[in-house]
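Numbered from 1 within each chain, the chains take letters A, B, ... in sequence-line order. Just the heavy atoms: all of them, side chains too, but no hydrogens, waters or symmetry mates, feed the values below.
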Amino acid sequence: MVQRPSDLKGALQAAIAAIDSNLRDVKAVNAVPRTPEKFAKLRATLESALHAAENGEPINKASLTLISKWVADWIPNDDDPLLDRLVEVEQALGLP
Amino acid sequence: MNVYGFADGDPVNFSDPMGLSPCPAALKVACGVAGRVGGKLIARSATLGALASAGRALLDGNRPLSNAVAKTFEKGQYVASVLNRDITVQRVFGGESEALGRFLTPSAPAADAVRGALQLPAGNAATHIADVVIKQGTTIYTGIVNGSTTGATQIYVKSLDALKVVGERPIP
């Protein structure tokens with residue numbers, strides 16, 4: 001589904017919630033080395049974008065380009081709903 | 001005239017529902033759309049020659065790739081195959097991407113073209129190349145990298161447990 005720009009904040013919030021859902025499954029998150037750090041980095045990137053969106057500031061699109069591909073590379077569950085949420089963020093920003 | 005030519009003479013195990021190329025019957029779900037590029041991809045890479053007789057095992061319950069992964073392939077097209085032996089492929093990594101990961105390539109592009117060729121995400125610093133063995137029996141998903149500047153091929157593997165890093169070196 002293609003999201004309108006106005007859906008960006010909702011997409012970011014949903015993605016952050018999906019990360020938090022993952023982080024609650026400590027066993028899965030720790031199954032692959034450095035996964036907790038990657039989730040933390042991802043969450044910080046999305047929070048930064050959400051802060052910018054809420055304050056009408058420019059969003060660092062470079063940090064979000066292909067972010068779903070980066071996460072699909074290492075996330076413990078290869079079809080985690082978080083991936084769909086990240087695709088929605090990319091679509092809301094008009095990223096490829 | 002071979003009336004089963006559409007299936008390489010083997011209509012029991014192969015089908016071609018879209019008139020593109022024969023697909024193993026067990027792989028129809030994933031292979032149907034992607035079959036169009038299958039022959040070209042396999043011909044482009046000697047490494048993937050192992051796939052020539054692969055594909056008769058069941059494919060992960062015929063579960064296709066997620067949208068997030070499918071869109072990393074050009075036009076969302078990919079070929080699903082089951083390896084009939086171990087193969088060694090390569091992976092470009094660095095920074096926040098490690099030697100072990102799901103996106104691989106038959107052979108790494110030249111250093112000066114690697115980012116555009118493989119459409120690497122910002123988290124991948126592309127400082128190293130790893131040699132990675134994909135275990136026999138693994139389902140792999142192969143296709144052209146979406147947005148690639150060189151038409152490079154990528155391989156996606158769902159299970160990280162199917163991979164073993166056997167070497168790594170800096171990109172010169």
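- Contact of I67(A) with chain B is not made at all, since no heavy-atom distance falls under 4.5 Å.
- In this structure a side-chain-to-backbone donor-acceptor pair under 3.5 Å is missing from R34(A) to E98(B).
- Proximity of K71(B) to P96(A): side-chain heavy atoms (C-beta onward) are nowhere separated by under 4.5 Å.
- Note on F93(B) and I171(B): separate hydrophobic clusters, where clusters join Ile, Leu, Val, Met, Phe, Trp and Tyr whose side-chain heavy atoms are under 4.5 Å apart, directly or indirectly.
- Transitive grouping of hydrophobic side chains (ILVMFWY, heavy atoms separated by less than 4.5 Å) keeps F103(B) and V114(B) in distinct clusters.
- Grouping the Ile, Leu, Val, Met, Phe, Trp and Tyr side chains by contacts below 4.5 angstrom, directly or via other members, places V92(B) apart from V71(A).
- Of all the heavy atoms in A62(A) and A122(B), the pair that sits closest is O-CB, 3.7 Å.
- V165(B) and L120(B) sit in two unconnected hydrophobic clusters of ILVMFWY residues. Membership requires side-chain heavy atoms under 4.5 Å apart, directly or through other members.
- Proximity to chain B is limited to the side chain of E90(A), based on heavy atoms less than 4.5 angstrom apart.
- Taking the side chain as every heavy atom from C-beta outward, E96(B) and W70(A) approach each other to under 4.5 Å.
- Note on D73(A), L66(A), V87(A): by heavy-atom pairs under 4.5 Å with chain B, the leading option is D73(A).
- Contacts with chain B were tallied for I75(A), D84(A), L64(A); I75(A) has the most, counting heavy-atom pairs under 4.5 Å.
- Shown are L118(B), V145(B), V69(B), N146(B); of these, the side-chain contact (heavy atoms from CB on, under 4.5 Å) with K69(A) is made only by V145(B).
- Using a 4.5 Å cut-off between heavy atoms, A72(A) contacts chain B through both its backbone and its side chain.
- Transitive grouping of hydrophobic side chains (ILVMFWY, heavy atoms separated by less than 4.5 Å) keeps Y141(B) and V133(B) in distinct clusters.
- Contact detail for W74(A) and L160(B): the closest heavy-atom pair is O-CD1, 4.2 Å.
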